[in-house]
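Remember, it's 1-based here, ligands and their atoms both numbered in the order they're listed.
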Amino acid sequence: MSYEENVRRVIPYTPGEQPRGGNIIKLNTNENPYPPSPKAERAVRELDADILRLYPDFAASELVRAIASYHGVKEDQVFVGVGSDDVLAMAFLTFFNSDKPILFPDITYSFYDVWAQLWRIPYRTCPLDEAFFIRKEDYFCENGGIIFPNPNAPTGVWQPVSMIEDILQKNRDVTVIIDEAYIDFGGESCLSLLAKYENLLITRTFSKSRSMAGVRIGYAIGNKDMIQYLNHVKFSFNSYTMNVPSLCLGVASIEDDDYFVRMRDLVVAERERSKKELTGLGFSFPDSMANFIFARHKTMQASEIFKALKEKGIYVRYFSGPRVRDYLRITVGTREQMDALFAALKQILTEGSQGA
Ligand SMILES: *Cc1c(COP(=O)(O)O)cnc(C)c1O
């Protein structure tokens with residue numbers, strides 16, 4: 001007998017590398033290349049240090065109020081957490097408690113199966129079609145719940161609200177979570193479906209479109225009962241997850257909508273330019289509505305390109321799984337960063353074809 005027999009063993013999620021240093025171009029974890037709102041910076045600089053002595057507001061009321069008013073929903077429809085990873089982990093624990101498997105796509109955010117394993121939730125993956133689209137019929141069956149991102153990660157594919165409504169109509173008796181981590185960059189949100197479907201939960205994050213990955217704020221919007229169930233689980237775990245500086249930064253970010261829209265539009269414009277450049281270099285990709293492009297090259301292997309880019313100090317994301325190993329997920333950076341990427345790719349592809 002050993003203590004190890006009672007260990008909860010899990011295979012953890014592997015985050016993208018976080019290299020530090022001057023000459024690195026980081027296009028591997030879908031961070032925003034622009035700084036957060038200067039108003040957020042100022043707000044946190046002006047924080048009275050004495051407030052750090054006290055526990056934060058466990059209900060995160062000011063942030064909840066700001067988010068609710070931004071989306072035009074009631075305050076009791078908003079749940080906040082330490083990044084949407086925290087929100088999603090709580091949602092899995094709260095809503096996925098059936099003996100039937102939860103369903104999600106075979107190619108999707110690679111944290112879902114980790115949470116399912118951690119909380120001992122049975123799950124089944126549904127293969128995306130050849131173009132990386134969800135086949136809605138796969139979800140028209142008995143299940144313990146459904147989750148997928150829209151736009152999906154790492155493909156960038158966005159699917160229409162009408163498709164999600166079809167899935168909701170056939171799944172009235174389980175929780176359906178739509179992870180809208182990237183919705184600010186394109187596509188239409190499912191928020192309009194909340195009034196009609198009490199079993200729909202939508203999650204969002206400040207990490208990508210609001211340039212605040214380091215602050216850790218995520219949230220969920222759903223009906224009042226759902227949010228209450230989530231809060232009961234959260235308060236049975238750790239009441240004070242949202243720290244004082246991040247609450248302050250979050251409110252300031254929501255309040256500076258002009259800046260948010262301007263930075264978001266810059267990323268979207270650069271994404272569209274990057275699509276053209278990548279096509280010119282011999283890449284193809286599903287049309288992305290997110291802040292990244294999931295691209296494969298017509299001749300050179302993705303793993304080779306990944307390595308060669310890294311040697312030049314350019315980090316993109318490579319996944320070695322069965323259906324995705326020919327692809328690179330490239331986060332959209334600034335125009336200068338993307339120009340450096342295209343120049344490096346040109347060089348790598350030329351050398352590659354000469355070597356072959
Ligand atoms: C980045 C990401 C998240 C988590 O983001 P947080 O930084 O934890 O808010 C959740 N879902 C998807 C699909 C993501 O890409």
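When each atom of ligand 1 is checked for a heavy atom of T205 under 4.0 Å away, the hits are 5 (O), 6 (P), 7 (O), 9 (O). For ligand 1, the atoms lying closer than 4.0 Å to a non-hydrogen atom of G83 are 8 (O), 9 (O).
Contacts between Y182 and ligand 1 below 4.0 angstrom, taking non-hydrogen atoms only, involve the side chain exclusively. At a heavy-atom distance under 4.0 Å, atoms from both the backbone and the side chain of D85 approach ligand 1. Of the heavy atoms in A181, only side-chain atoms (C-beta onward) come closer than 4.0 Å to ligand 1.
For atom 7 (O) of ligand 1, the nearest protein heavy atom (residue, atom name, distance) is S207 OG, 2.5 Å. When hydrogens are left out, the protein atom nearest atom 14 (C) of ligand 1 is K208 NZ, 3.0 Å; that is the closest non-hydrogen contact. Among all non-hydrogen protein atoms, the one lying nearest atom 8 (O) of ligand 1 is R216 NH2, 2.8 Å. Here the heavy atom of the protein found nearest to atom 11 (N) of ligand 1 is D179 OD2, 2.6 Å.
Put simply, the side chain of F206 does not reach to within 4.5 Å of the side chain of V215, judged on heavy atoms. Annotation: side chain of D138 is not in contact with side chain of L103 (no heavy-atom distance under 4.5 Å).
Ring pair F95/Y229 is perpendicular by interplanar angle, where above 60° counts as perpendicular and below 30° as parallel.
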Carefully, step by step, assess K26 and Q18 under the rule side-chain hydrogen bond (donor to acceptor under 3.5 Å, both in side chains).
CA-CA 8 Å; K26 211 176 156 301; Q18 290 293 355; 3.1 Å; yes
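When the shell of 6.0 Å around CG of N23 is examined, it contains 12 or fewer heavy atoms from other residues, nucleotides or ligands.
Note: the hydrophobic cluster containing W115 also contains I102 (ILVMFWY, side chain heavy atoms under 4.5 Å, direct or indirect links).
Taking all heavy atoms of S84, G214, G81, A89 into account, the minimum distance to atom 5 (O) of ligand 1 is reached by S84.
Put simply, the side chain of D86 never gets that close to the backbone of G81: no donor and acceptor are under 3.5 Å apart.
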